Undergrad: 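Quick one: the structure is below, questions incoming.
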Amino acid sequence: MQGKEKIIDDILSAARKTAAAMIDEATAERDAAVDALRAELEKSAAQAAEKTRAAADAVYAGQVKLGELESGKLMLKAKQDCVAAVYAAVREKILAQSDAQYLALLQKLIVRYCEDGDEVVAAGADAKRVTAAWVKKVSTAAKKKLTLSAARGEFAGGVILRNAKYDRDLTVDELIADLKDRTESEVAKKLGLCQ
């Protein structure tokens, strides 16, 4: 029994290290994207401020309030666009990874979340990357029976693990949505969008 526990502990330890590395990498990517987008935000803020000044000069006193409200909407939209651009950049970076990096990420996710008998539904765009041979390799690594679905998903990247009970969505878009839910306020702070 101790051998099994050591193997389980080793697997859990490796998974924690992998998760920590993924978090560190995502944080570094996010920080780089934040720096790149800060200049874009300042430009958008300057444009929005200029529109606000022009509107205030052009309208009567009663319409100034309307201009301020419109400016607030423009600023909010600019802030939302900047935050969305960070996550779009992370999404594109994941999808543009080399085959080895991309498949390593998918393997980590599948090994972490799969159940015995799962069917792997891959993205249509990943037909050359996610093959039956690759799924067999992942199945061996996971020590669970996995098969590649003949059907391809209509999503950008990632996989869906399907079994008789439920589907587990590990698509890139779902991963980015989860990352956004967990880190959006922190990203907005780093962009200087929050007081």
Side-chain angles (χ1 to χ4, degrees), residues 15 18-41 44 76-115 117-142 144-188 190-191 193:
T18 299
M22 289 173 66
I23 290 169
D24 289 345
E25 182 179 322
T27 300
E29 290 175 2
R30 181 202 61 225
D31 291 346
V34 164
D35 292 340
L37 291 172
R38 184 164 284 130
E40 183 180 324
L41 174 63
S44 294
L76 177 60
K77 180 164 179 3
K79 290 176 182 182
Q80 291 170 336
D81 289 348
C82 287
V83 170
V86 169
Y87 294 102
V90 172
R91 177 186 185 270
E92 292 310 311
K93 185 163 183 150
I94 290 171
L95 292 173
Q97 288 179 326
S98 70
D99 287 352
Q101 291 173 314
Y102 181 75
L103 292 174
L105 172 63
L106 290 185
Q107 181 171 337
K108 287 175 191 173
L109 291 168
I110 292 170
V111 168
R112 184 177 201 177
Y113 294 109
C114 72
E115 294 182 13
D118 278 353
E119 182 178 38
V120 177
V121 180
D126 289 340
K128 292 183 181 177
R129 288 180 170 191
V130 179
T131 63
W134 180 79
V135 170
K136 185 175 181 179
K137 176 184 158 195
V138 174
S139 179
T140 301
K144 295 186 177 153
K145 184 176 188 244
L146 304 173
T147 57
L148 179 62
S149 173
R152 292 295 178 154
E154 292 186 25
F155 43 89
V159 297
I160 294 175
L161 297 177
R162 180 169 287 156
N163 61 41
K165 294 182 251 176
Y166 56 85
D167 293 352
R168 184 172 300 268
D169 191 343
L170 300 176
T171 62
V172 172
D173 289 333
E174 183 62 28
L175 297 173
I176 295 300
D178 180 57
L179 177 66
K180 185 177 180 183
D181 287 346
R182 292 183 288 115
T183 63
E184 187 171 24
S185 62
E186 185 180 338
V187 168
K190 289 208 179 220
L191 286 170
L193 302 176

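Because the structure is a prediction, the values reported are computed rather than measured.
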Undergrad: Can you see which heavy atom on Gly157 is nearest to which on Asp126, and at what distance?
TA: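 Distance-wise, the nearest heavy atoms are CA-OD2, 3.7 Å.
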
Undergrad: Per the side chain to side chain contact (heavy atoms under 4.5 Å, CB included) rule, which among Asp167, Val120, Val121, Leu109 passes with Leu161?
TA: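 One option only clears the test, and that one is Val120.
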
Undergrad: What heavy-atom pair brings Leu148 and Ala122 nearest, and what distance separates the two atoms?
TA: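 Smallest heavy-atom distance, with atoms named: CD1-CB, 4.4 Å.
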
Undergrad: Which pair of non-hydrogen atoms, one from Ala123 and one from Phe155, has the smallest distance, and what is that distance?
TA: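 So the two residues come closest at CB-O, 3.2 Å.
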
Undergrad: Can you name the nearest heavy-atom pair linking Lys145 to Ser139, along with the distance?
TA: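 Heavy-atom minimum between the residues: CA-OG, 3.7 Å.
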
Undergrad: Can you see which heavy atom on Lys165 is nearest to which on Glu115, and at what distance?
TA: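 The pair with the smallest heavy-atom distance is NZ-OE1, 4.0 Å.
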
Undergrad: So Lys144 and Ile110, do their side chains get closer than 4.5 Å, heavy atoms only?
TA: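 The answer is no; the side chains never approach within 4.5 Å.
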
Undergrad: Look only at the side chain of Lys180 and the backbone of Tyr87, and say whether a donor-acceptor pair between them is shorter than 3.5 Å.
TA: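 No; zero donor-acceptor contacts below 3.5 Å.
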
Undergrad: Any side-chain heavy-atom pair from Val138 and Val111 closer than 4.5 angstrom?
TA: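 A side-chain contact exists here, since the closest heavy-atom pair is under 4.5 Å.
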
Undergrad: Mark yes or no for whether Thr131, through its side chain, and Trp134, through its backbone, hold a donor-acceptor pair below 3.5 Å.
TA: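 Answer holds: yes.
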
Undergrad: Nearest heavy-atom pair of Leu175 and Leu170: which atoms, and what distance?
TA: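 Heavy-atom minimum between the residues: CD1-O, 3.9 Å.
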
Undergrad: For the CZ atom of Arg91 and the CG atom of Leu179, what is their distance to the nearest 0.5 Å?
TA: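 Rounded to the nearest 0.5 Å, the CZ-CG separation comes out at 13.5 Å.
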
Undergrad: Is a donor from one side chain sitting under 3.5 angstrom from an acceptor on the other, for Thr171 and Asp169?
TA: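 The criterion, which ignores hydrogens and geometry beyond distance, is satisfied for Asp169 and Thr171.
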
Undergrad: Can you check whether Gly158's main-chain N or O pairs, donor with acceptor, with Tyr102's side chain at less than 3.5 Å?
TA: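 Flag set: sc Tyr102 to bb Gly158 pair under 3.5 Å.
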
